[in-house]
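Below: one structure, written as structure tokens.
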Amino acid sequence: MEAMTFPVPGGRTTDAADAVGVPRPVASTRKAGARPLIGVSARPRKPGEVSGWPDTHSSVMQHTYLDGVWRAGGMEAIIAPRLLGDDEADELVSRLDGLILVGGGDVDPALYGAEPHERVYGVDAASDALEVALAKAAVRAELPLLAICRGMQVLNVALGGTLDQHLTGRPGLIDHGQPGAGKALHEVAVESGSLLAKTQGGASSIANCWSYHHQAVDRLGEGLIVSARSVDGVVEAVEFADAGDRGWMLAIQWHPERTAATDPAHQTLFDELIRQSSR
């Protein structure tokens with residue numbers, strides 16, 4: 001599917017009273033009963049990835065993310081990778097009711113002041129530029145946000161955090177899967193009282209987390225706390241420390257979209273995003 005953007009009446013605006021340039025949440029202008037509009041960041045297509053397409057700049061999107069949104073009662077707006085300034089990112093976010101940052105290649109280590117590990121792969125400047133700008137704009141606007149796998153890493157970097165660039169094969173770690181080479185299914189332990197725990201009805205763990213990542217959150221970004229870990233201590237979810245006083249946000253390292261159609265624990269993450277986006 002060719003990625004495209006389009007304007008739809010949104011749920012948030014800014015006005016002259018925002019003297020410091022920080023958008024503030026206002027009542028949604030969405031029609032009663034309409035599905036909330038959820039922005040979903042697309043992936044750049046690699047040359048030759050789609051048979052029959054010319055090798056020109058284009059984007060793709062896995063429907064598992066979109067299916068999770070639709071089952072929950074939302075409607076998607078696919079956002080193509082592009083360079084956005086702060087004002088443009090704020091404008092785009094103002095037209096949305098919620099946002100999902102999806103999985104993909106590695107974040108450029110230069111964005112968190114590190115030299116690249118030899119196993120860093122799939123760095124794409126347009127994706128980094130778009131998603132870092134969107135993450136910051138969503139935080140400023142208190143827009144409901146679900147950040148998945150790379151999306152969690154993007155959010156952490158956008159807020160000044162760093163990443164552990166290569167976990168695979170390290171002694172003492174469980175199998176977290178490997179991008180392009182296979183998945184791992186494992187359990188994550190959820191922090192009691194966290195926003196993540198509340199989405200799971202107070203459950204202390206989430207089973208069968210579909211995972212394939214070779215990087216993870218290292219130093220936490222500003223305002224973030226850990227809300228889940230795997231048995232080896234790898235960070236599996238983060239959220240805002242003051243989640244009760246700011247917009248709804250969950251960031252998770254695994255891929256709930258892969259199992260959400262048959263596993264309520266993972267579909268619940270999309271359900272809660274849509275519930276928050278409908279408010």
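Throughout, residue positions are numbered sequentially from 1 according to the sequence presented.
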*Show the numbers, then the answer: is there a side-chain contact (heavy atoms from CB on, under 4.5 Å) between His266 and Cys209?*
CA-CA 8 Å; His266 300 291; Cys209 294; 3.9 Å; yes
*Identified salt bridge (Lys or Arg N to Asp or Glu O under 4.0 Å) counterpart of Asp90 within the set Arg95, Arg140, Lys136*: Arg140
*Find the distance between CG (Leu92) and CZ (Arg82) and round it off to the nearest 0.5 Å.*
9.0 Å
*Identify the heavy atoms of Pro109 and Pro116 that sit nearest to each other, and give their distance.*
CG-CA, 3.7 Å
*Going through the checks in order, is the side chain to side chain donor-acceptor pair (under 3.5 Å) test met by His166 and His117?*
CA-CA 7 Å; His166 193 62; His117 187 281; 4.9 Å; no
*Check whether any side-chain heavy atom of Ile225 sits under 4.5 Å from a side-chain heavy atom of Glu239, and report yes or no.*
yes
*Would you name the heavy atoms of Val93 and Ala138 that are closest together and state the gap between them?*
CG2-N, 4.1 Å
*Point-to-point distance, once rounded to the nearest 0.5 Å, from CZ of Arg275 to CH2 of Trp248*: 9.5 Å
*To the nearest 0.5 angstrom, please state how far the CD atom of Gln153 sits from the CG atom of Leu111.*
12.5 Å
*At what distance, to the nearest 0.5 angstrom, does NE2 of His255 lie from OG of Ser211?*
7.0 Å
*asked:* Under a 3.5 Å distance rule, please check whether Ser194 uses its side chain to pair with a backbone N or O of Ala197 as donor and acceptor.
replied: yes
*From the options Asp124, Asp108, Asp106, Asp128, select the one residue that forms a salt bridge (Lys or Arg N to Asp or Glu O under 4.0 Å) with Arg150.*
Asp128
*asked:* With a 3.5 Å distance limit and no angle check, can you tell me whether Gln200 reaches the backbone of Ile206 through a side-chain donor-acceptor pair?
replied: no
*Taking atom CG of Asp67 and atom CD of Gln62, what is their separation to the nearest 0.5 Å?*
11.0 Å
*Using only heavy-atom distances, determine whether the side chains of Trp254 and His213 contain a donor-acceptor pair under 3.5 Å.*
no
*Give a yes or no on whether Ile252 and Leu195 share a hydrophobic cluster (residues Ile, Leu, Val, Met, Phe, Trp, Tyr; joining criterion: side-chain heavy atoms under 4.5 Å apart).*
yes
*So Leu130 and Leu83, side-chain contact (heavy atoms from CB on, under 4.5 Å) or not? Walk me through it.*
CA-CA 6 Å; Leu130 171 74; Leu83 179 63; over 6 Å; no
*Is there a donor-acceptor contact under 3.5 Å from the side chain of Glu236 to the main chain of Glu187?*
no
*Between Ser227 and Glu191, does a side chain to side chain donor-acceptor pair (under 3.5 Å) hold up when you go through it step by step?*
CA-CA 5 Å; Ser227 53; Glu191 291 291 332; over 6 Å; no
*Return the set of residues passing side chain to side chain contact (heavy atoms under 4.5 Å, CB included) with Thr162 (not counting sequence neighbours), or none when no residue passes.*
Tyr112, Asp218, Arg219
_Using 30° and 60° as the class boundaries, would you call the ring planes of His176 and His186 parallel, tilted or perpendicular?_
perpendicular
_Side-chain (Glu76) to main-chain (Gly39) donor-acceptor, under 3.5 angstrom_ = no
_Given 3.5 Å as the limit, does a donor-acceptor pair link the side chain of Gln267 with the main chain of Gly68, or not?_
yes
*So do the side chains of Leu66 and Val69 get within less than 4.5 Å of each other, counting heavy atoms only?*
no
*Applying the side-chain contact (heavy atoms from CB on, under 4.5 Å) test to Leu155, which of Leu134, Val217, Val139 qualifies?*
Val139
*Do the side chains of Leu37 and Met249 join up, straight or via other hydrophobic residues, at under 4.5 Å, putting them in one cluster?*
yes
*Do Ile148 and Val102 come within less than 4.5 Å of each other through their side chains, counting heavy atoms only?*
no
*Which atoms form the tightest heavy-atom contact between Ile38 and Asp97, and what is the distance?*
CD1-C, 4.4 Å
*What is the minimum heavy-atom distance between Asp263 and Ala207, and which atoms define it?*
OD2-O, 4.3 Å
_Does any part of the side chain of Val188, heavy atoms only, come nearer than 4.5 Å to the side chain of Ser205, both counted from C-beta?_
no
_same_hphob_cluster(Val120, Val107) at 4.5 Å side-chain heavy-atom cutoff_ = no
*Sub-3.5 Å donor-acceptor pair from the side chain of Gln215 to the main-chain atoms of Asp164, do we have one?*
no
*Side chain of Arg35, backbone of Trp70: donor and acceptor closer than 3.5 Å?*
yes
*Step by step, work out the side chain to side chain donor-acceptor pair (under 3.5 Å) result for Arg258 and Tyr212.*
CA-CA 11 Å; Arg258 290 289 187 173; Tyr212 46 95; 2.8 Å; yes
*Set of residues satisfying side chain to side chain contact (heavy atoms under 4.5 Å, CB included) with respect to Val226, sequence neighbours excluded*: Leu220, Arg229, Val235
*Just do the side-chain contact (heavy atoms from CB on, under 4.5 Å) check on Met152 and Leu101 with the steps written out, would you?*
CA-CA 8 Å; Met152 181 173 96; Leu101 299 178; over 6 Å; no
*Looking only at heavy atoms, which two atoms of Ala135 and Ala158 are closest? And how far apart?*
CB-CB, 4.0 Å
*Any sub-3.5 Å donor-acceptor pair from Gln276's side-chain atoms to Leu273's backbone N or O?*
no
*Would Ser41 and Glu131 count as a side chain to side chain donor-acceptor pair (under 3.5 Å) if you check the C-alpha gap in whole Å, the side-chain angles of each, and the deciding distance to 0.1 Å?*
CA-CA 7 Å; Ser41 56; Glu131 293 176 357; 3.1 Å; yes
*More than 12 non-hydrogen atoms from neighbouring residues, nucleotides or ligands closer than 6.0 Å to CG on Asp232, yes or no?*
yes
*Which atom pair, heavy atoms only, marks the closest approach of Glu88 to Gly85?*
OE1-N, 2.8 Å
*Roughly how far, to the nearest 0.5 Å, is the CD atom of Glu115 from the CD atom of Gln165?*
9.0 Å
*Heavy-atom side-chain contact between Ser204 and Val190 under 4.5 Å*: no
*Checking side-chain contact (heavy atoms from CB on, under 4.5 Å) for the pair Val231/Ile174: CA distance, chi angles, key distance, verdict?*
CA-CA 8 Å; Val231 67; Ile174 65 172; 3.6 Å; yes
_Leu84 reachable from Leu159 in the ILVMFWY side-chain graph, under 4.5 Å edges_ = yes
